Trainee: 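Would you mind keeping the following structure in view while I ask a few things?
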Amino acid sequence: MDREIEYSTEVTKIYHTNYVRNSRAVAVLWAIFTICFAILNIVAFIQPQWIGDTGESNKAGFFGLYQACEENTGANDFECTGDFIQFDTILNGSFRAAAFFVGASALLFLICCLCLILFLFLNTATVLRICGWLQVIGALFLILGCIVYPNGFDSRLVQDICSNSGSYDIGTCGIRWAYILAIVLIFDAVILATLAFVLAAKQAKLLPEVYGKKEKSELNGFASDTLSKRSGFPPLSEDRYSEYSHRSEKSKRSNHSSRIV
């Protein structure tokens, strides 16, 4: 029985080790994608290429969350106005709200990247849950930012470039790559948050040094079945032991009677 328990324990440890290695590999990939997401989120936040002119627009220009750029008269360069630190310089309230939500999302993912250091001090499942909730809130902020942003198309400067555009009406302008990137990042944030919660739920617990009675009985059954399949012998059970004990008792009696004779 001791050999069976030892063998079953080793088999369980092998399966556990493989599971932990696979979980850690997926967690490392999740951490790398989280860092990449934070970088892309910052890029989408600071880039003024959310919407811009097309061939049908009155003049050249483009807009971001907090910056508005229009072509200088008689020059080939663009003059940009707007500063995120000074909210009064942003065109209207909708652009301010969108800038706040997308900026808060970028900040949350930066905090999530910093939380990766907590893997050295806290339980892995706990850190994954913390990061998962941060990513969920960041995804919600991105959604709000992308929804609120088109409400600011009724700004005077946007109307001058985009030919009388209105709220949620882009006019003759077109969507630029930064806006598309922000929309794609929404789905990426949802995927990363879901993966974080799945990894936290399936995080394997370390095997205790001493197994409980229930775990020993389960391991004994597992070991006996495994040994019987590999060796070809029938599995050991209580009936087999009782049968063996009856046979030994009979042999003892027969030996005792032969000695008397």
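In this chain, residues are counted from 1 in sequence order. What's counted below: heavy atoms across the whole structure, side chains too, no hydrogens, waters or symmetry copies. In this text the structure is predicted, and so the values were computed from the model without any measurement.
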Trainee: For residues S167 and N151, is any side-chain donor paired with an opposing acceptor at under 3.5 Å?
Mentor: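 A pair is found: one side chain offers a donor N or O, the other an acceptor, under 3.5 Å apart.
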Trainee: Would you indicate whether F33, at its atom CZ, is surrounded by more than 12 heavy atoms from other residues, nucleotides or ligands within a distance under 6.0 Å?
Mentor: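 Counting neighbours around CZ of F33, 12 or fewer heavy atoms of other residues, nucleotides or ligands fall under 6.0 Å, so no.
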Trainee: Give me the atom names and distance for the closest heavy-atom approach of C146 to A182.
Mentor: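 Residues C146 and A182, closest heavy atoms: SG-CB, 3.8 Å.
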Trainee: Could you tell me the separation between the CG atom of D188 and the SG atom of C36, rounded to the nearest 0.5 Å?
Mentor: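 It comes to 10.5 Å.
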Trainee: Just by distance, no angles: are the side chains of S105 and N41 close enough, under 3.5 Å, to form a donor-acceptor pair?
Mentor: yes
Trainee: Write down the atom of G132, the atom of A196, and the distance for their closest heavy-atom approach.
Mentor: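 Distance-wise, the nearest heavy atoms are CA-CB, 3.9 Å.
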Trainee: Is there a side-chain contact between I161 and E70 (heavy atoms, below 4.5 Å)?
Mentor: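 Side-chain contact under 4.5 Å: yes.
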Trainee: How close do G174 and T54 get, counting heavy atoms only, and between which atoms?
Mentor: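 Closest pair (atom of G174, atom of T54, distance): N-CG2, 3.6 Å.
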Trainee: CZ/F187 to CD1/I191 distance, rounded to the nearest 0.5 angstrom?
Mentor: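 Here the rounded value is 9.0 Å.
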Trainee: Taking less than 2.5 Å as the test, are the sulfur gamma atoms of C162 and C173 close enough?
Mentor: yes
Trainee: Look up atom CD1 in I130 and atom SG in C112, then write down how far apart they are to the nearest 0.5 Å.
Mentor: 9.5 Å
Trainee: Are I137 and F109 side-chain neighbours, meaning at least one heavy-atom pair lies under 4.5 Å?
Mentor: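 No - every pair of side-chain heavy atoms lies 4.5 Å or more apart.
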Trainee: Taking 4.0 angstrom as the limit, do R96 and D88 come out as a salt bridge?
Mentor: no
Trainee: Please assess L65 against Y179 for the test side-chain contact (heavy atoms from CB on, under 4.5 Å), listing each intermediate value before the final yes or no.
Mentor: CA-CA 9 Å; L65 290 170; Y179 201 173; over 6 Å; no
Trainee: Using 0.5 Å steps for rounding, measure from the CZ atom of F63 to the CD1 atom of I90.
Mentor: 13.5 Å
Trainee: Measure centre to centre between the rings of F45 and F84, then say whether the value is under 6.0 Å.
Mentor: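 Aromatic pair counts; centres sit under 6.0 Å.
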Trainee: Side-chain heavy atoms nearer than 4.5 Å, only ILVMFWY residues, links allowed to pass through others: does that put V190 and V26 together?
Mentor: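 No, it is not one cluster - the side chains of V190 and V26 are not joined through contacts under 4.5 Å.
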Trainee: Can you name the nearest heavy-atom pair linking V158 to S165, along with the distance?
Mentor: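 So the minimum-distance heavy-atom pair works out to CG1-OG, 3.4 Å.
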Trainee: Is the centre of the F78 ring less than 6.0 Å from the centre of the F62 ring?
Mentor: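 Ring centres of F62 and F78 closer than 6.0 Å.
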Trainee: Using a 4.5 Å cut-off on heavy atoms from C-beta on, say whether the side chain of I51 contacts that of F153.
Mentor: yes
Trainee: Using the six-membered ring wherever Trp is involved, compare the ring planes of F100 and F141 and label them parallel, tilted or perpendicular (cut-offs 30° and 60°).
Mentor: tilted
Trainee: Go through the steps for F121 and I117 under the test side-chain contact (heavy atoms from CB on, under 4.5 Å), then give the verdict.
Mentor: CA-CA 8 Å; F121 307 101; I117 302 175; 4.1 Å; yes
Trainee: Applying side-chain contact (heavy atoms from CB on, under 4.5 Å), run through R176 and D53 and close with a yes or a no.
Mentor: CA-CA 9 Å; R176 296 288 178 89; D53 63 276; 3.5 Å; yes
Trainee: Determine whether the interatomic SG-SG distance for C131 and C115 falls below 2.5 angstrom.
Mentor: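 No, the SG atoms are not under 2.5 Å apart.
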Trainee: Can a side-chain donor-acceptor contact be found between N58 and S163 if the only test is distance below 3.5 angstrom?
Mentor: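 Result is yes, a qualifying pair exists.
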Trainee: Considering all heavy atoms of both residues, which atom of A106 and which atom of I42 are nearest to each other, and what is their separation?
Mentor: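 Distance-wise, the nearest heavy atoms are CB-CG1, 4.2 Å.
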Trainee: What verdict does the side-chain contact (heavy atoms from CB on, under 4.5 Å) test give for W133 and F197, after you've listed the backbone C-alpha separation in whole Å, the side-chain angles of each residue and the deciding distance to 0.1 Å?
Mentor: CA-CA 9 Å; W133 282 114; F197 287 121; 3.7 Å; yes
Trainee: How long is the span from the CD1 atom in I111 to the CD atom in Q135, to the nearest 0.5 Å?
Mentor: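 Nearest 0.5 Å value for the CD1-CD distance: 12.5 Å.
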Trainee: Pick one: which of W50, Y66, Y149 meets ring pair (Phe, Tyr, Trp, His ring centres under 6.0 Å) with F95?
Mentor: Y149
Trainee: Rounded to the nearest 0.5 Å, what's the gap from CG on N123 to CG on L128? Could you check?
Mentor: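 N123 CG to L128 CG: 9.0 Å, rounded to 0.5 Å.
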Trainee: Quick one: does any side-chain atom of S155 pair with a main-chain N or O of G152 as donor and acceptor, under 3.5 Å?
Mentor: no
Trainee: Does any non-hydrogen side-chain atom of I35 lie less than 4.5 Å from one of L116?
Mentor: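 Yes; the side chains approach each other to less than 4.5 Å.
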Trainee: Can you give me the closest heavy-atom contact between F37 and L142, atom names plus distance?
Mentor: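 Closest pair (atom of F37, atom of L142, distance): CZ-CD1, 3.9 Å.
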